[in-house]
Amino acid sequence: MNSTDSDPDIQPESAPTASTRPISFMAKVELRQQLYQEAHAMAQYALTNGSNIPTSAISTLERYQIDEYNDGYVDGVRLDLPIEPLVKAHEALTRTIEPAKPRTVLLLDQEKKHKVRLSFLGPVSLIRQLMIAGLISLIMFIGLALFPEVNSSGGNILKSDGSKLLLNLLFYLSAAGLGASFNALYKANSYITNGTFDPTYQASYWIRFFLGLISGLILAVLISEEAFDAANAEGKFLEDGIVRPLLAILGGFSADLAYTILNRLVETFESLFRGSTKTLVNNQVTKEINRLDKEMKSVGDLICLQQQVNSGDPKAISAAINNILRNVMPLSDITASISDPSQDEKKLDNSPAPR
């Protein structure tokens, strides 16, 4: 009977598992996995787009090809080969697929392999989620428009109440959702088409989407249609009652629009207490003119000092220096402490003779 079978503390030597491998080993494996997977995805991307691929990169990828039955492969990555050729192949393929990014190409390749039920809505999960949000907004926009309570006079939060106000606010919110989803889908689609989509910024799309909802609702509720009546009277560009939904869509499409309007309102109210805008501008212009005059005067003093230095007159040089210091630091105690050479000579003449 083998001693290892009888003693539970003695176990036969076996290959290290993922839980017993050191952290440095796992980091090395993960790095090789990332390099190989991105390089393999970039090679397929370049081939399908008709790009010229370096043959050396393809041969390198074949040497690192995954083979689960070979002992030289660990966790899908071959470790018995140096990593330098794989890095060079990755760099060559990265230059080949520019401006596309390796991370984006790998993401699209992984999404293509793992098909889901809603894959027809978009190549990545973010696009599918934004498509669903846009469809929900569209269904709400059409469905709420069928209610007779939803009209141009029902969205005033101070003159309307109850279910009528709720239906109108939901209608404006759905309109803002249409604009926000349109903007997010348009931007994300352009990045995916160019191969520069970065999944790190997925949260920023949703942040801008919800900012668009808030922006569209604020503009639709706070701005009256009467403000556009004068501009719309001549050409009759907009239909009656369409201004508020349009403002909601514009606010959803660009959250910066509501931010600019609110910021301008804040500046207007601040000017009531700090002075008019014209006064502030005049004060700023006067301040800049005084600064330029002071700089030009300093330049003139330096030119005068240069001329005195070239003349070689010590008294003139000292006077020019005092003039510059008087303009820079107009302090009586500082200027008084600076005397010319003639005064120094008088002090020496009046001093007692040494014994």
Side-chain angles (χ1 to χ4, degrees), residues 11-116 118-119 122-130 184 187-208:
Q11 297 295 333
E13 184 178 357
S14 58
T17 60
S19 60
T20 60
R21 291 167 183 161
I23 297 178
S24 59
F25 177 83
M26 297 302 300
K28 180 180 179 181
V29 172
E30 291 178 358
L31 180 60
R32 292 198 175 214
Q33 280 182 333
Q34 180 180 356
L35 287 172
Y36 176 80
Q37 291 174 358
E38 289 182 354
H40 190 270
M42 286 189 291
Q44 290 182 338
Y45 179 84
L47 287 173
T48 54
N49 286 277
S51 303
N52 295 326
I53 305 178
T55 55
S56 59
I58 300 298
S59 60
T60 300
L61 292 179
E62 288 181 350
R63 290 199 302 270
Y64 286 84
Q65 188 175 2
I66 297 174
D67 187 358
E68 298 179 354
Y69 301 101
N70 192 322
D71 294 337
Y73 293 78
V74 179
D75 291 341
V77 179
R78 187 166 182 173
L79 300 179
D80 58 339
L81 294 176
I83 196 174
E84 287 79 8
L86 186 59
V87 174
K88 292 181 180 179
H90 188 279
E91 293 178 351
L93 291 170
T94 301
R95 292 191 296 268
T96 302
I97 66 170
E98 287 180 347
K101 297 181 179 180
R103 188 175 184 179
T104 305
V105 174
L106 178 60
L107 175 64
L108 296 176
D109 183 67
Q110 292 175 346
E111 291 281 350
K112 188 184 300 183
K113 292 178 180 178
H114 301 85
K115 291 185 176 296
V116 295
L118 300 177
S119 59
V124 296
S125 60
L126 176 66
I127 298 296
R128 294 191 290 268
Q129 294 168 4
L130 291 174
K187 289 185 176 180
N189 181 65
S190 62
Y191 289 133
I192 290 177
T193 303
N194 297 329
T196 56
F197 175 77
D198 193 346
T200 307
Y201 299 100
Q202 288 189 10
S204 64
Y205 288 92
W206 286 111
I207 292 174
R208 294 190 64 86

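Side-chain contact between K88 and S56 is absent, with no heavy atoms from C-beta onward closer than 4.5 Å. At a threshold of 4.5 Å between non-hydrogen side-chain atoms, the residues Y64 and R32 count as touching. The shortest distance between side-chain heavy atoms of Q202 and Q129 does not fall below 4.5 Å. Contact check for P123 versus I192: side-chain heavy atoms found under the 4.5 Å cut-off.
Closest approach of I127 and G122 over heavy atoms only: CG2-CA, 3.8 Å. Minimum heavy-atom separation, R103 to P199: NE-CG, 3.7 Å. Scanning all heavy atoms of the two residues, the minimum distance from H90 to A39 falls at CD2-N, 4.1 Å.
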Could you list the donor-acceptor pairs under 3.5 angstrom formed by side chains in residues 41-55, with sequence neighbours left out?
{"residue": "T48", "atom": "OG1", "partner": "Q44", "partner atom": "O", "Å": "3.0"}
{"residue": "T48", "atom": "OG1", "partner": "Y45", "partner atom": "O", "Å": "2.9"}
{"residue": "N49", "atom": "ND2", "partner": "Y45", "partner atom": "O", "Å": "2.6"}

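Expressed to the nearest 0.5 Å, how far CD of E91 lies from CG of L86 amounts to 10.5 Å. Separating the CD atom in E38 from the OG1 atom in T94 is a distance of 7.5 Å, to the nearest 0.5 Å. Distance check: T104 OG1 to D109 CG gives 12.5 Å after rounding to the nearest 0.5 Å. Here the CG-CG distance, from L61 to L93, works out to 6.0 Å after rounding to the nearest 0.5 Å. Note that the OG1 atom of T60 and the CG atom of L35 stand 12.0 Å from one another [nearest 0.5 Å]. Between the CD atom in E98 and the OG1 atom in T196 there is a gap of 12.0 Å [rounded to 0.5 Å].
Atom NE2 of H40 has 12 or fewer neighbouring heavy atoms from other residues, nucleotides or ligands inside a 6.0 Å radius.
Ring geometry for Y191 against Y205 counts as perpendicular: the plane angle is over 60°, on a 0 to 90° scale with 30° as the lower cut.
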